[in-house]
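Report on the structure given below.
Protein chains get the first letters and strands the later ones, always in sequence-line order, with residue 1 at the start of each.
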Number of protein chains: 2
Amino acid sequence: MNIGKAAAASGVSAKMIRYYESIGLIPEASRTDAGYRDYSDKDVHRLRFIRRARDLGFSVEKMSELLALWQDRDRASSDVKRIALEHVAELQRKARELQEMSETLAHLAGHCHGDSRPDCPIINELSEETGAEDKREVARPHFGATGLEPGRNRR
Amino acid sequence: MNIGKAAAASGVSAKMIRYYESIGLIPEASRTDAGYRDYSDKDVHRLRFIRRARDLGFSVEKMSELLALWQDRDRASSDVKRIALEHVAELQRKARELQEMSETLAHLAGHCHGDSRPDCPIINELSEETGAEDKREVARPHFGATGLEPGRNRR
DNA sequence: CTTGACCTTACCATTGTGGGAAGGTCTATA
DNA sequence: TATAGACCTTCCCACAATGGTAAGGTCAAG
């Protein structure tokens with residue numbers, strides 16, 4: 001079957017199938033005389049595996065590991081479990097980070113009148129002078145509370 | 001002060017300051033005779049504003065809006081609040097998606113022996129044939145359902 | 001045989017950030 | 001004063017994962 005059919009059958013776009021091939025995540029597809037990529041059911045099976053892993057937030061690199069383990073019928077389940085649990089920890093970390101940002105901002109928004117007047121704790125917080133000047137009365141949950149800043153080197 | 005000092009004072013890297021200038025988020029800095037960018041305390045203040053907004057997960061585009069509102073002393077606080085709450089919703093959505101992926105995977109890992117034997121429910125789930133049966137109730141965020149995939153983000 | 005749907009490769013863009021090279025400048029110290 | 005080293009400048013490259021588009025070839029149905 002051609003790439004369009006394989007894409008429809010697997011849920012991975014044709015674009016991404018070519019991309020995965022180009023980076024070596026999947027082997028090069030065989031070609032028809034005309035140069036069209038040709039996929040077997042087995043290939044589609046692998047693509048579905050990839051789609052599911054991707055839906056679970058695995059990176060291409062991790063998917064590569066998982067594919068290798070999948071193909072190795074004798075690997076220990078502990079190897080798979082380790083990768084999975086590492087990924088769970090990573091997902092949790094990211095989710096918590098977003099959650100904390102959300103809560104900080106929701107808190108600020110909760111103190112904002114949200115009317116036609118210009119005074120706004122959200123803006124005040126963002127523009128706050130760390131030094132001397134600019135003393136306001138608003139309740140200010142200082143940023144250090146989020147635990148995000150120390151490691152604000154987001155990749 | 002030069003860009004290095006401004007970076008240290010604001011928490012925004014010199015690299016990013018130049019980038020923000022290049023995309024028009026901040027105005028072009030004045031220059032010394034030698035061509036060095038020169039920053040005032042006001043400039044640093046703006047950079048700190050930007051850093052804090054970044055820490056709260058705002059995109060450059062949203063920061064641009066916030067900066068405009070910040071500079072407009074007569075804007076209604078409702079305008080700021082609206083942007084903030086939209087962002088809160090976005091953060092919540094992303095956090096929830098990550099959380100769901102995490103839970104699905106943790107659930108699978110919980111059923112994996114994690115020993116030297118090869119049988120592994122995690123791999124089984126990923127490689128399962130959809131044609132056969134599909135009676136799990138795991139959260140699979142099908143594309144289009146979450147609105148996150150179009151830009152599977154995580155910069 | 002034409003038409004339209006599909007394939008091919010090869011670029012470009014996205015988002016926000018870092019790395020590095022090649023070359024100019026500033027400053028402190030020998 | 002000369003020189004080293006820390007800084008600055010611009011410019012280009014890279015990342016992850018995905019979509020878009022253009023130019024051209026192919027296939028199948030009418």
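- More than 12 non-hydrogen atoms from other residues, nucleotides or ligands lie less than 6.0 angstrom from CG of A:Asp38.
- Residue contacts shown for A:Thr32 are absent, as no nucleic acid heavy atom lies under 4.0 Å away.
- Annotation: the span from A:Gln99 atom CD to A:Thr104 atom OG1 amounts to 10.0 Å, rounded to 0.5 Å.
- Checking A:Met63 against B:Asn2, the closest nucleotide of DNA chain D that is more toward the 5' end is the one next to B:Asn2.
- In this structure, of D:dT9, C:dG18, D:dA17, it is C:dG18 that holds the atom nearest to the side chain of B:Met16.
- Look at A:Ser13 and you won't find any side-chain N or O under 4.0 angstrom from OP1 or OP2 of D:dT18.
- When each of C:dG19, D:dG20, C:dG16 is scored by its nearest atom to the side-chain atoms of B:Val60, the top-ranked nucleotide is C:dG16.
- Here B:Tyr20 lies in heavy-atom contact (under 4.0 Å) with sugar-phosphate atoms only.
- Classification of A:Arg117 and A:Asp119 as a salt-bridged pair fails, no side-chain N sitting under 4.0 Å from a carboxylate O.
- Per the geometry, OH belonging to A:Tyr19 stands 13 Å off C1' belonging to C:dT14, to the nearest Å.
- Candidate nucleotides D:dT18, C:dC7, C:dT17 were compared by shortest atom distance to the side chain of A:Tyr36, and C:dC7 ranks first.
- The pair B:Arg18-B:Glu21 fails the salt-bridge criterion, with no side-chain N (NZ, NE, NH1 or NH2) lying under 4.0 Å from an Asp/Glu carboxylate O.
- Remark: C1' of C:dT17 and CD1 of B:Ile23 are 12 Å apart, rounded to the nearest angstrom.
- Counting heavy atoms from C-beta outward, B:Ser40 and B:Asp43 have side chains that approach closer than 4.5 Å.
- Nearest-nucleotide positions on DNA chain C for B:Phe58 and A:Asp38 put A:Asp38 closer to the 5' end.
- Nearest to the side chain of A:Arg18, among C:dT17, C:dC26, C:dT8, sits C:dT8.
- With D:dC8, C:dT9, D:dG19 as the candidates, the nucleotide lying closest to the side chain of A:Arg37 is C:dT9.
- Between the P atom of C:dC7 and the CD atom of A:Glu21 lies a distance of 14 Å, rounded to the nearest Å.
- Taking atom CG of A:Asp55 as the reference point, atom P of D:dA17 lies 14 Å away to the nearest angstrom.
- Rounded to an integer number of Å, the gap from A:Ile50 CD1 to D:dT18 P is 11 Å.
- You won't find any donor-acceptor pair under 3.5 Å spanning the side chain of B:Lys15 and the base of C:dG16, going by distance alone.
- The distance from atom CD of A:Glu28 to atom C1' of C:dT8 is 14 Å, rounded to the nearest whole Å.
- Between B:Ile3 atom CD1 and C:dC26 atom C1' the separation is 16 Å, expressed in whole Å.
- C:dG24 atom C1' lies 13 Å from atom CZ of B:Arg31, rounded to whole Å.
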